[in-house]
Amino acid sequence: MNWSELWNSIMNTQPGLAEIALRLTCAMLVGLVIGTEREYTHRPAGMRTHILVALGACAVSITGELLFSKYNAVGAFPDPARLSAQVITGVGFLGAGTIIREGFSVKGLTTAASVWAVACLGIAAGFGYYALALFGMVFIFVTLTVFEWLQDTLMKNHGDELE
């Protein structure tokens, strides 16, 4: 078997129902963990929003893969990532809705970024990259929790030096 035949055999396999369920479960877990942190800290987009974004992005990725398999079998070469690329752009608009300007400060940027990042991890889960989705979830969670604590600590210490 040459590389071309190997590539075609890999790309012509469709995920079965169990694989689709596993991918959606992974995406749901990502949205649940990150969304729960946002919910716990009383941010504009919480658990359900993050879960829905991750699940939707995952479903789009699976759909792209299924469309590729379906039409590749008849000789067409659609791009399986094309739909997912639109998710990345579209979620930017959703995230923009979480950003609020209050006087000279802007709030909601981190939540907007977390919604966008969860969509990206949902895409990864949708294409079957579980390690990427789960490690990404852990790193986002650490960023939202540990680094918030670190930032607050540094700002308090910096404020003490100014007085």
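Residue numbers start at 1 and run along the sequence shown. In this text, all values refer to a predicted model and were calculated from it rather than measured experimentally.
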message: If you count every heavy atom of other residues, nucleotides or ligands that lies below 6.0 Å from Leu17 atom CG, does the total exceed 12?
response: no

- request: Please examine the side chains of Leu134 and Leu29, heavy atoms only from C-beta on, and report whether any two atoms are closer than 4.5 Å.
  value: yes

Can you give me every donor-acceptor pair (side chain of residues 136-147, partner residue at least two apart or in another chain, under 3.5 Å) with its distance?
residue	atom	partner	partner atom	Å
Thr143	OG1	Phe139	O	2.8
Thr145	OG1	Phe141	O	2.8

List the atom pairs, donor and acceptor, that lie under 3.5 Å between side-chain atoms in residues 85-97 and the rest of the protein, sequence neighbours left out.
residue	atom	partner	partner atom	Å
Thr89	OG1	Ala85	O	3.4

Show which side-chain atoms of residues 53-63 pair as donor or acceptor with protein atoms under 3.5 Å away, not counting sequence neighbours.
residue	atom	partner	partner atom	Å
Ser61	OG	Ala57	O	3.2
Ser61	OG	Ser84	OG	3.1
Ser61	OG	Ile123	O	3.2
Thr63	OG1	Ala59	O	2.7

- line: Here the pair of heavy atoms bringing Leu132 nearest to Ala124 is CD2-CB, 3.7 Å

Validation: residues 30-39 side-chain donor-acceptor distances under 3.5 Å, sequence neighbours left out:
residue	atom	partner	partner atom	Å
Thr36	OG1	Leu32	O	2.5
Arg38	NH1	Thr111	OG1	2.9
Glu39	OE1	Met47	N	2.8

task: Sort and list the pairs that fulfil salt bridge (Lys or Arg N to Asp or Glu O under 4.0 Å) and have at least one residue in residues 26-36, not counting sequence neighbours.
output: none

query: Looking at CG of Leu83 and CG of Leu66, how far apart are the two atoms once the value is rounded to the nearest 0.5 Å?
result: 11.0 Å

message: Give me the atom names and distance for the closest heavy-atom approach of Ala27 to Gly122.
response: CB-CA, 4.3 Å

task: Hey, could you give me each pair passing salt bridge (Lys or Arg N to Asp or Glu O under 4.0 Å) that has a residue in residues 68-92? Not counting sequence neighbours.
output: none

- request: State which residues pass salt bridge (charged side-chain N to carboxylate O under 4.0 Å, His left out) with Glu148; sequence neighbours excluded, sorted by chain then number.
  value: Arg43

message: Hydrophobic cluster membership, with links at side-chain heavy-atom distances under 4.5 Å among I/L/V/M/F/W/Y: are Leu24 and Ile51 in one?
response: yes

- request: Give every residue pair that meets the salt bridge (Lys or Arg N to Asp or Glu O under 4.0 Å) criterion with at least one member in residues 100-121, sequence neighbours excluded.
  value: Glu102-Lys107

task: Please list, chain by chain and in numerical order, all residues satisfying side chain to side chain contact (heavy atoms under 4.5 Å, CB included) with Ala76, sequence neighbours excluded.
output: Tyr71, Pro78

message: To the nearest 0.5 Å, what is the distance between CD on Glu65 and CG on Asn72?
response: 11.5 Å

- prompt: Is there any side-chain hydrogen bond (donor to acceptor under 3.5 Å, both in side chains) pair reaching into residues 114-142, and which pairs are they, with sequence neighbours excluded?
  reply: Glu19-Tyr130, His50-Ser114

Inter- and intrachain pairs under salt bridge (Lys or Arg N to Asp or Glu O under 4.0 Å), touching residues 136-147, at least two apart: none

query: Does a side-chain heavy-atom distance below 4.5 Å link Lys156 with Gln151?
result: no

message: By the side-chain hydrogen bond (donor to acceptor under 3.5 Å, both in side chains) test, which pairs, at least two apart or in different chains, include something from residues 25-34?
response: none

